[in-house]
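Below is one structure, written out as structure tokens; comments come after it.
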2 protein chains.
Amino acid sequence: MKMSKESEYGLMGLVQLAKQPAHAVMQLRDVAAAASLLEPFLAKTFRKLTVHGLLRSHRGRERGYSLARAPHDISIREVCEAIEGVDLFQRCIFWSNACSDAEPCPLHGMWRHVRPQLVTLMERLTIEDLAKHGTSLSRDNVASLVSQAAADAAAANSSSPAFTRKGAIHVR
Amino acid sequence: MKMSKESEYGLMGLVQLAKQPAHAVMQLRDVAAAASLLEPFLAKTFRKLTVHGLLRSHRGRERGYSLARAPHDISIREVCEAIEGVDLFQRCIFWSNACSDAEPCPLHGMWRHVRPQLVTLMERLTIEDLAKHGTSLSRDNVASLVSQAAADAAAANSSSPAFTRKGAIHVR
DNA sequence: TGAGCATTGGACTAAAAAGGTCCAATGGCT
DNA sequence: AGCCATTGGACCTTTTTAGTCCAATGCTCA
Ligand code: SF4
Ligand code: SF4
């Protein structure tokens, strides 16, 4: 894991299309202008998304790009995987090695339990969610998704406090 | 966020020291050998940790490194920040820009709620935890930490299912 | 049929980050 | 005074990410 600027471009471009009427076709330059993105860079990104079947491209008279599927059916996980490679979520946030239970790094034990929740979250969040709620998803929405994910990932969790430190954290 | 190999070196080195009797002094080469790490690279890492007050260095007769504080008092957040810079946890996992509520990327709304939980987790996990439980932290331990963090981060969370997709996820 | 035009595809350069190495200086200790 | 591991920094290589460019393609309309 560890997403690049290209993923951001992909998401922003798709969100832009999702805000149009359904099945709308938009030219690259218009998408780039509307989302204030660099056109040449967005071009590269949109090509990847087309190849992976998330966008449809059109030539001739009514030219441009359109969504290949409904916004609520495109998860941000798909988008990021299309752009950065399918193994994106197989890799670790902490170190980029492909992980194995056999040769673990020191955080593997912890991460084994956290990653599935993140992946689930990315799977359930869709382009439509981003387009609708903009950049300000409500706390409740996220919270419900997170807790769903947590519930899925750990069906039974008791509380055994084998840990030591209760530091105060500052978070921006 | 987005940790490097150097963080892994730092953690593994500290864990190695934490496994020794308290206040033990170990030479760099021995630490490297015991944890199968490259000595020159570990040297670079240990210097940073010394500067940031996590390690103490000794010269002369009884030379080497020792932990500056008790293992249960060194969070992995501290370690990673010492090595990668204090703004590590201010940055986004998704894009490396420093984040602002004013100029957000499309995932900011979601991430705003997830990040604090991760940071809390990293703050509460200590070198002692890693040394004791090795690479196989039990599910229960992690689960309790995660749920604590979640509870802290979102005191009140109702469930408003404004989301659309319930895809099946594959996780390794 | 052919001119127009945006997508296509890939190569290509540039910049930045990560990973890794080396060596002279330092300073307690014996 | 001499030993020797830490110190501190410079330096290089590799990898990844970012960004640019151009010729080819193929649909539509005149
Ligand atoms: S061993 Fe575990 S924590 Fe380490 S890089 Fe692999 S998946 Fe991540
Ligand atoms: S705006 Fe939010 S999601 Fe985007 S990079 Fe900054 S913190 Fe991360």
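Letters A, B, ... mirror the listed sequences (proteins, then strands); counts begin at 1. All heavy atoms count here, side chains included; hydrogens, waters and symmetry mates do not. Being a predicted model, the structure only gives us computed values, none of them experimental.
Note on B/Thr50: every side-chain N or O is 4.0 Å or more away from OP1 and OP2 of D/dT6. Regarding contacts with the backbone of C/dT30, a side-chain N or O of B/Arg61 is found under 4.0 angstrom from either OP1 or OP2. Distances shown here put a side-chain N or O of A/Arg29 below 4.0 Å from the OP1 or OP2 atom of C/dA6. The phosphate of D/dA18 (OP1 or OP2) has no side-chain N or O of A/Lys44 nearer than 4.0 angstrom.
The closest donor-acceptor contact from the side chain of B/Arg63 to the backbone of B/Arg61 lies under 3.5 Å.
Rounded to an integer number of Å, the gap from CG of A/Leu38 to P of D/dT17 is 18 Å. Here the P atom of nucleotide D/dT28 and the NE2 atom of A/His58 are 11 Å apart, to the nearest Å. For the pair A/Glu8 CD and D/dG19 P, the interatomic distance rounds to 11 Å; values are reported in whole Å. The distance between atom CZ of B/Arg47 and atom C1' of C/dA25, rounded to the nearest whole Å, is 12 Å. Rounded to whole angstrom, the span from the CZ atom of B/Arg59 across to the P atom of C/dT30 amounts to 15 Å. Across the protein-nucleic acid pair, A/Glu62 atom CD and D/dG26 atom C1' stand 16 Å apart, rounded to whole Å. The CE-C1' distance, from A/Met3 to D/dT16, rounds to 17 Å in whole Å.
Note on A/Glu78 versus A/Arg69: salt bridge recorded, some NZ/NE/NH1/NH2 to OD/OE distance being below 4.0 Å.
At a threshold of 4.0 angstrom between heavy atoms, the contacts of A/Tyr65 are confined to the sugar-phosphate backbone, with no base atom among them.
Considering only the side chain of B/Ser4, C/dA18 comes nearest among C/dG10, D/dG19, C/dA18. Nearest nucleotide to the A/Lys5 side chain, out of D/dT20, D/dA18, D/dT6: D/dA18. Here C/dG9 is the nucleotide among D/dA5, D/dG26, C/dG9 with the atom lying nearest to any side-chain atom of A/Val51. Ranking C/dT21, D/dT6, C/dC5 by closeness to the A/Arg63 side chain, first place goes to C/dC5. Side-chain proximity of B/Phe41 to D/dC27, C/dG20, D/dA5: nearest is C/dG20.
Taking the side chain as every heavy atom from C-beta outward, B/Met110 and A/Leu121 approach each other to under 4.5 Å.
Only one option out of A/Lys44, A/Lys48, A/Arg47 pairs with A/Glu6 in a salt bridge (Lys or Arg N to Asp or Glu O under 4.0 Å); it is A/Lys48.
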